[in-house]
Chemist: 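There's a structure below that I have some questions on.
Note that these values count all heavy atoms, side chains included, but never hydrogens, waters or copies made by symmetry.
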Amino acid sequence: MTEHSAQTDGFAALDALLEQAYELDEPARTRFVERLPEPHRGKLKQLLQLSHSLTLKGIAADAQAVLEDAEPPPLPPAAVPTATAPTATAGRWRLHREIGSGGMGQVFYATREAPEGIAENGSDFVQEAAIKVLWSLKADHEVRARFLRERRLLASLHHPGLARFVDGGFLGDGRPWFAMEYVAGSTIDTYVKGRSLEARLRLFKDVCATVAHAHQHLIVHRDIKPLNVLVDESGRARLLDFGIAGVLEDIDDGVQTGTAGGPLTLQYASPEQLTGGVVTVASDIYQLGLMLYQMLTGKLPYDLKDAPLAEALESICERTPPKPSFHNPAVSRDLDAIVSTALAKNPDQRYPSASELAEDVDRYLDGRPVQAVPQTTWYLARRFLRRNAVVASIVSIAAIALTAATVVSVRMANEALAQANRSRAAQRILTDVFQKADPFKSQGGSVTLAQALVRAKPDIAARVASDPLLAWEVNLTVAKIYE
């Protein structure tokens, strides 16, 4: 083992022990630390003292200093395969290597072969699993109870988006373990890199469906984050790690399960988890919103890396983060609204369920109005036109054609009316000429038509001077009469 890997392993183990210690009240924590062998006991005492530092950066720096000479703590021998004990087992499962660890236990990659009497010519099938084992037989009663509760919860859930529960039991030393379907894949934030916006949203909808299934069984996950969502080789998202999950029935009965001070991941904690509020499905909705933000932008809403602890808490509980479109211009106003609703500081202002969050994403993908945006007439009209672009284009073309035809028809009608008016005006002018040529009305004897036209020429010119078309029509008629 290299110096770097030893230090990394040492940090991971101490981090897990620190998390476990934080779950206990002060007397139980003291007993837990005192039972640890050296050097872990001394290192953990130092970390517990240093954890009162005011900044996250300070804690990290002090922890690094503590770990500079730290050796990896010995892992429980009954559960760990080693060179001298390569056949470490849990039930009929053979443990091969550690693939993860946390506050309650270690997770191992394991295999199981077909039992004797079933296989022909040796083993004809091999099963894979991820087996989680409680850290220590001397674990506090609360930690052990939480581990057993996680096992019961997982055994009760059956959904394609969950790693399937396979087996469970107790080691020879009495520590509980359980086996889950082994999922080989990438964390969801890594998997979506370079993929289309639509592909990311459809994958996110699958996660929402899995969370909704857990909620329907009265289970709140409380630690939804990319690290706990793996995408397998078939492209299916799988939700893992119900280690700090809570039961809604306990919450409804007034049993507080996981408030401030309990196990959580700061970057993905909801405001109520940090302030000691009751943790319900709304907390899972908030964490789904955080994950969607990260899937859309590649970033978290808040940069807590070097922030003082007080500032980090203020950011999560009070500050409004930049909209996803600030980091990714491809994100629309509708998606901004969906994420903002899921991340509302007040749990009552978030989506009521994971199903409704998924339905709003589905509305966006279908081009329908999303519930997170105020349903104004203009917004609904724009959504309709965008969703029905072909129909809207046909209607627009038809409307333009109808308008043009109407304009032409009106113009033709107006011209016909003007022509009729000019014809009547010309008729009146010529009637006056003929009346003046009437020998019974004219004085001084008879007057020929030609003479009448000559005499009427100045009068005709005056009467048609303001209308060139009328003048043309009258003069054309007079010319034909002369002809």
Chemist: Quick check against the 3.5 Å criterion: does N228 have a side-chain atom that pairs as donor or acceptor with the backbone of D223?
Modeler: yes
Chemist: Rounded to the nearest 0.5 Å, how far does CG of L148 lie from CG of L153?
Modeler: 11.0 Å
Chemist: Is there a salt bridge (Lys or Arg N to Asp or Glu O under 4.0 Å) between R319 and E314 once you walk through the steps?
Modeler: CA-CA 7 Å; R319 294 179 185 171; E314 181 183 0; 3.5 Å; yes
Chemist: Looking at F170, is R151 sitting on its ring face, NZ or CZ under 6.0 Å from the six-membered ring centre and within 45 degrees of the normal?
Modeler: yes
Chemist: Return yes if some donor-acceptor pair links the side-chain N/O of N328 with the main-chain N/O of L296 below 3.5 Å, else return no.
Modeler: yes
Chemist: Are R202 and E198 close enough for a salt bridge, meaning some N to O gap below 4.0 Å?
Modeler: yes
Chemist: Please check this pair: side chain of H221 against backbone of H215, looking for a donor-acceptor N/O pair closer than 3.5 Å.
Modeler: no
Chemist: What closest approach, in Å, do K225 and M291 show between heavy atoms, and which atom pair accounts for it?
Modeler: C-SD, 4.1 Å
Chemist: For the residue pair T187 / D189, report whether a side-chain donor-acceptor contact shorter than 3.5 Å exists.
Modeler: yes
Chemist: So do Y293 and P322 actually touch side chain to side chain, heavy atoms under 4.5 Å?
Modeler: yes
Chemist: Quick check against the 3.5 Å criterion: does R164 have a side-chain atom that pairs as donor or acceptor with the backbone of Y182?
Modeler: no
Chemist: Tell me whether D167 is salt-bridged to R92, with the criterion being a basic N under 4.0 Å from an acidic carboxylate O.
Modeler: no
Chemist: Working to the nearest 0.5 Å, report the span between CG of D336 and OG1 of T341.
Modeler: 10.5 Å
Chemist: Working to the nearest 0.5 angstrom, can you tell me the gap between L313 CG and L266 CG?
Modeler: 6.5 Å
Chemist: Is the H159 ring parallel, tilted or perpendicular to the H213 ring (thresholds 30°, 60°)?
Modeler: tilted
Chemist: In plain terms, say whether R236 and D206 are close enough for a salt bridge, that is, a side-chain N and a carboxylate O under 4.0 Å apart.
Modeler: no
Chemist: So do the side chains of Y364 and L197 get within less than 4.5 Å of each other, counting heavy atoms only?
Modeler: yes
Chemist: Are the side chains of V229 and F204 in touch, meaning some heavy atoms are under 4.5 Å apart?
Modeler: no
Chemist: Around atom NZ of K323, are there more than 12 heavy atoms of other residues, nucleotides or ligands at under 6.0 Å?
Modeler: no
Chemist: Once the angle between the rings of F147 and F178 is folded into 0 to 90°, is it parallel (under 30°), tilted (30 to 60°) or perpendicular (over 60°)?
Modeler: tilted
Chemist: So L343 and P301, do their side chains get closer than 4.5 Å, heavy atoms only?
Modeler: yes
Chemist: Are any non-hydrogen side-chain atoms of V281 and S353 less than 4.5 angstrom apart?
Modeler: no
Chemist: If we count only N and O atoms by modelled type, under 3.5 Å, do the side chains of Q287 and Q273 hold a donor and an acceptor together?
Modeler: yes
Chemist: With a 3.5 Å distance limit and no angle check, can you tell me whether R200 reaches the backbone of R195 through a side-chain donor-acceptor pair?
Modeler: yes
